[in-house]
Amino acid sequence: MEEHSSLRDNFKYVRMHSATSINEILEINDIQRLEHLARMFAKYQMAGKRYETKAWHVYFRRIAANPIVFYQNNAALFYEDNQYESEKFEVTDPTLIHGDLHIGQFHYYLDDISGERVFSVRQHKKKLAPFTWDLKRLAANLALIAYRQCFSDNEISEILEVFAQQYIRSVLLPCKNMLIRKISHDIKQSHQLEPLPLQKQCSVIGSLKVEHRMHEIDWQSIDSVKSLMILAEQLAIITAHLHCQPPITVCSMQDVPNLMIENNADCCTRAIQTSLNSYVKQRQLIDEIRLFAIMYAEIAERDYQLFFKNFRNERIFKGPDTLMNTQIQHPLANARRVAILIVGGGIGGMATALSFARAGIRVRLLEKNTELGEVGAGMQLAPNCSRLLDRLGILQKVQANAVFPKQIVWMDALSGERLTCIDLGKKFIKTFGYPYIVVHRADLFQALHQACLESSMVTMETNRTVTSVDERPKSIMVECADGMRYDCDMVVAADGLWSSLRKFVCDDGPPISVGYVTYRGTIKIDQVSKEAGLENVQFWMGPNMHLVQYPIRRGELFNQAAVFKSKRLPDDTDRWGTKEELNETFGVGCEHVKNALELLQTNFRWPVYDRNPLSKWSRGRLVLLGDAAHPMLQYAAQGAAQALEDAWALTAAYKKHGPSKINAIFREYEQERIPRSSKVVQFARDIGTYAHQNGMEKMARDTTLLLFYVIFEYIYLYDDFKE
């Protein structure tokens, strides 16, 4: 851009306030400008597309094409830079001339989801604006195109001169005394602009239909000074024509009570002609437009380079806080070579790491938190989970801290009546090969974690937040927030319900809230009455609520979980499913339920979520596992078990096909696990529906259970794991 400095120097005599402000933009440092760009993108672009991930991605990739496309699709940035300028040519007569055709009355854009071209008319917050806004924006666009085509300074200046003079000529054409001298030019051709059919209906405000013909310009085809000069003339003529037309009234006269508005073509034309009623004013306008366009084109070029140097793709730019929360400008770290990378250090990730380690396969595990650990309380482990813990060699450690309940007892939360039970004694163990146990979540995690620590095949790293995953021809590159990179043969996303990697396989939005909330916690066993049933898992069922109780950690602690449906609509806040709603819902329960509520810890609140099953868990060399693939409601007590089944199946497929056949590994893994896990997801939903019934449905259910019709479908979960 140094070659353009001489051109700027030629215009020192017309440096007005606006030019001085533009100079200030050029003089501020890169960090300040980048912060401004980040705020603008978050406010005007990302905010409108944050619920449409695909739209945001498409938009981001489109503007990354080159500085011209970047500039043309960021009108808000242009107006933000210029909104406080002191304009030389303001319209003085009362009129509704807007001068802001790009984001004002006329709005034309490409829909990033449908791909359709949309034209609409809308009200802008500014009722009046200088007509020079349009001229500056178009002139800067012409200058930017000329820069990209490597035109000389003199050629760029001549093109801008033609543009401004043609605009003035077109505005003053109706006047008998045209003061500006005619331009002598030999160009007889016209740049062909074919009308572009729109796929959406034109806007209607009141009873006024907007008739329009849109023309799309192929900027790449403009490769000569002649063709760009012709286009500049045509743009000037069209802009002058629009400025001299009465604008569409999209606001009532009460919005501008101090103005007596004469809304007709003559008034609009006269207002601009008054501002250009002398040769001196015309010359000032031409010089201001030329100077501004040359300087702002340089700003646009700089903005483009600066923005995409730091935000290389849409996944890196996450809003105005990106610069504060992410180390953007770090040296490019050498990628660490890893065969199998596991993202997520929860139960699913630990089980996967241990499963591969037991098969003699080296893995590396990343956890975003600074410490490895599990938050939670009690959990139930069915025989299919115990079988896999045995295969991993840690069942005895888990059972050493577990409790072996005698029964799962289904109770009526309203009347306190015992409805039915599932006996977990000798017959159950003989049938399924393993007992049904209940443990503290931290005890299960500790057994898995300790086994991984003792294995030389597992490397664990904490404080590693994965920000991007990109496929390579023969590997997959994972980058973390601190700049650390891993070049992997295979990546396992075991990062839980709120997985950040799931979107790279299936961008299906956030998890599904079913409107239920869980309050859970543990208390010391001596605080609990023996009437609570210290040898069983008790499942108290009521309308849109249930309470689960059982002892854990060698019988030293008592676990309780109260689940209920909020009457308020779920959102991202904690204003629904409150403690007050908890007390109100369970206040209709029997005496035992009310007493249990007094001992319930209410400082742990978990909204209940799941997701609809996917038909595919992998993409390229990335595969989902556990809650990242199939989060489910807790009612079937199968979350951990299904994650362990995933880990075992993935390891078995890897051993069978070998590291060179990733597609075959993922295909076999998905064929085995997707049907079963999808069945369990639905089964957990069915248990919730069954347990939370009300009215006649509840009465029929209770009668059935009292008649000793045991819930046989609950048993099928473990049937695949008989010896």
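Nothing fancy with the numbering, it's 1 onward along the sequence.
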Trainee: Which is it for Arg553 and Asp443 under the salt bridge (Lys or Arg N to Asp or Glu O under 4.0 Å) test, yes or no, and what are the steps along the way?
Mentor: CA-CA 8 Å; Arg553 190 166 285 171; Asp443 293 340; 2.9 Å; yes
Trainee: Report yes if the distance between the aromatic ring centroids of Tyr669 and Trp617 is under 6.0 Å, otherwise no.
Mentor: yes
Trainee: In plain terms, say whether Glu461 and Arg464 are close enough for a salt bridge, that is, a side-chain N and a carboxylate O under 4.0 Å apart.
Mentor: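 Salt bridge present between Glu461 and Arg464.
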Trainee: Salt bridge or not between Asp574 and Arg605? Use side-chain N to carboxylate O under 4.0 Å.
Mentor: no
Trainee: Tell me, yes or no, whether the heavy-atom count around Lys368 atom NZ, taken from other residues, nucleotides or ligands under 6.0 Å, exceeds 12.
Mentor: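 Not buried by this count: 12 neighbours or fewer within 6.0 Å.
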Trainee: Determine whether Val608 and Ser513 make a side-chain contact, defined as any pair of heavy atoms from C-beta on separated by less than 4.5 Å.
Mentor: no
Trainee: Between Arg502 and Asp508, does any NZ, NE, NH1 or NH2 come within less than 4.0 Å of an OD or OE carboxylate oxygen?
Mentor: yes
Trainee: Strictly below 4.0 Å, N to O, side chains only: are Lys524 and Glu556 in salt-bridge contact?
Mentor: no
Trainee: So, Asp610 and Arg685, do they make that salt bridge, N to O below 4.0 Å?
Mentor: yes
Trainee: Please identify which of these residues, Tyr635, Tyr690, Trp410, meets the ring pair (Phe, Tyr, Trp, His ring centres under 6.0 Å) condition with His546.
Mentor: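 So the option named by the test is Tyr635.
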Trainee: Would you kindly say whether Asn369 and Glu371 are connected by a side-chain donor-acceptor distance under 3.5 Å?
Mentor: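 The answer is no; no qualifying pair exists.
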Trainee: Hey, could you give me the CG/OG1 distance between Leu366 and Thr459, rounded to the nearest 0.5 Å?
Mentor: 10.0 Å
Trainee: Can you run down the side chain to side chain donor-acceptor pair (under 3.5 Å) pairs that involve residues 620-633, sequence neighbours left out, and say none if there aren't any?
Mentor: His630-Asp646
Trainee: Could you list the donor-acceptor pairs under 3.5 angstrom formed between side-chain atoms of residues 577-585 and any protein atom two or more places apart in sequence or on another chain?
Mentor:
residue : atom : partner : partner atom : Å
Thr578  : OG1  : Glu580  : OE1          : 3.3
Thr578  : OG1  : Glu581  : N            : 3.3
Glu581  : OE1  : Ser566  : OG           : 3.0
Glu581  : OE1  : Gly577  : N            : 2.7
Glu581  : OE1  : Thr578  : N            : 3.4
Glu581  : OE2  : Ser566  : OG           : 2.9
Glu581  : OE2  : Lys567  : N            : 3.0
Asn583  : ND2  : Lys579  : O            : 3.2
Glu584  : OE2  : Lys567  : NZ           : 3.1
Thr585  : OG1  : Glu581  : O            : 2.8

Trainee: How about Tyr516 and Phe564: are their ring centres within less than 6.0 Å of each other?
Mentor: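 No, the ring of Tyr516 stays outside the 6.0 Å limit from the ring of Phe564, centre to centre.
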Trainee: Would you mind checking if Asp412 and Lys698 are paired as a salt bridge, meaning a charged N to carboxylate O distance below 4.0 Å?
Mentor: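 Between Asp412 and Lys698 there is a salt bridge, with a charged N closer than 4.0 Å to a carboxylate O.
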